[in-house]
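Encoded as structure tokens, the structure appears first; notes follow it.
Start at 1 and go down the list; that is how both ligands and their atoms are numbered.
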Amino acid sequence: MPAITNHLPTSELQALDAAHHMHPFTANGELAEKGARIITRAKGVYLYDSEGNEILDGMAGLWCVNIGYGRGELADVAARQMRELPFYNTFFQTTHVPAIALAQKIAELAPGDLNHVFFAGSGSEANDTNIRMVRTYWAIKGKPEKTIIISRKNAYHGSSVGSGSLGGMTPMHEQGGLPIPDILHINQPYWWAEGGDTTPEDFGLARAAELEEAILAQGEDRIAAFIAEPIQGAGGVIVPPSTYWPEIQRICDKYKILLIADEVICGFGRTGNWFGSQTMGIKPHIMTIAKGLSSGYQPIGGSIVCDEVAEVIGSGEFNHGYTYSGHPVASAVALENLRILEEEHVLDHVRDVAAPALKEMWEGLGDHPLVGETAIVGMMGSLALTPQKESRAKFAMDAGTAGFTCRERCFANNLIMRHVYDRMVISPPLVITPDEITEMGKRARKALDECYTQLKDRDQLKPAA
Ligand SMILES: *Cc1c(COP(=O)(O)O)cnc(C)c1O
């Protein structure tokens, strides 16, 4: 049985891709001229392309391949499940073993009374569920005017109309009429770029205070929930100051605002605990999950819901669901992924081996002339590129130009590292070994050196006025 693979020369595949395939978050016209890189297979932390390059995947796909590539157990489970029961829905008073077993396992892993799971096909869908769930919760409780959800600028919560509205990405809001009504965005706790002369601690408190100010300005009786990633991922791996989350928690408790932790990246070991909420000391009412839940081997997401919210929602009919909610194959694969994470003690590997090695390597890059800040928690990290370290200066040229140049140099050195404007971000598979981390560091430094030289040659190392 042949795999669907590179049966044609690279250039022909690229031409077909350009002719028929519209890529997400891409200027497709530009890509068509350049030609997309064709990834043909992967093993462990390495990707292989149609030209035979071996590429170290510093992003675990898109923050998701936590157990690494090529785990045949997941393929076996998927094949077995497809033969036994490839699909059945969970809408009309029916259920099936994979969905039951996965929901039970997630409830066991999740902290506190987060004991209930509403399944979706992705993180975006799960956050759409959350919008409807928190508003419905308050409506059932006799407070239908509590509809406003507070989120943050530069947050990422998905790309559907609902989840894209929750997110705080301006370029997304500019297309297609987003945000939907009653979503409010406060400022992010991004000290390095926005903290000015304040200390990180004071800045964290000031940014958390914006939540209280927003609640008071709108009126407590209008606010349904606050949503945030424990650590912003797609926004640039922004680690909030230590004062931020305790103050946010205090404010949510004080005004009885539902707290939604978007754990799509932070969940399932990324920060060294099962959930980022545990690492950051947060007690949410709802968690959004996806990505690492199945290590990306199948598309699946969901909302983990606390007892009280589940009970209120369950008191009537919740007019919401997806054909693929609790899909049996996706559920079975996710369950197998969780088995591997547990039985192979992957979180211990993260805490005792991988995260300390990654931290040492990453912080070592801090002496590079282009690097203004290194941030890292567990297995997610970022570098702020700057033309002037002492003043935390931005570049005079367009934001993202330096980051893009650096990403191109990473690509040329067979390292996948993403850029968010002028921050470089990493999120490697959790199973990465110390030797692979050393290799990653070598390639990253070489890419930074080449980027520095290029920017210098183009006279682009000028700080913004
Ligand atoms: C990726 C992501 C999402 C969206 O998940 P999709 O599966 O791409 O829909 C939501 N929230 C966060 C924090 C994410 O990183």
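Interface atoms of ligand 1 facing Ile265, defined by a heavy-atom separation under 4.0 Å, are 15 (O).
Donor-acceptor pairing under 3.5 Å is lacking for the side chains of His320 and Asp128. Judged purely by distance below 3.5 Å, without hydrogens or angles, the side chains of Glu308 and Tyr137 pair a donor atom with an acceptor atom.
For the pair Tyr156 and ligand 1, a heavy-atom separation below 4.0 Å is found.
The shortest N/O to N/O separation between Glu125 and ligand 1 does not fall below 3.5 Å.
If you look at Glu229 next to ligand 1, the close heavy atoms, those under 4.0 Å, all belong to the side chain.
Ion pair Asp253/Lys283 not flagged as a salt bridge, since none of the NZ, NE, NH1 or NH2 atoms sits closer than 4.0 Å to an Asp/Glu carboxylate oxygen. Look at Glu336 and Arg71 and you find no salt bridge, because none of the NZ, NE, NH1 or NH2 atoms lies under 4.0 Å from a carboxylate O.
Just one residue in the list Gln232, Arg423, His419 forms a side chain to side chain contact (heavy atoms under 4.5 Å, CB included) with Ser382, and that residue is Arg423.
Among all non-hydrogen protein atoms, the one lying nearest atom 8 (O) of ligand 1 is Ser124 OG, 4.3 Å. Distance from atom 7 (O) of ligand 1 to its nearest protein heavy atom, with residue and atom name: Gly123 N, 2.9 Å. Looking at atom 15 (O) of ligand 1, its nearest protein heavy atom turns out to be Lys291 NZ, 2.6 Å. Asp262 OD2, 2.8 Å is the protein heavy atom nearest to atom 11 (N) of ligand 1.
Annotation for Pro429 and Ala60: closest pair N-CB, 3.6 Å, computed over non-hydrogen atoms.
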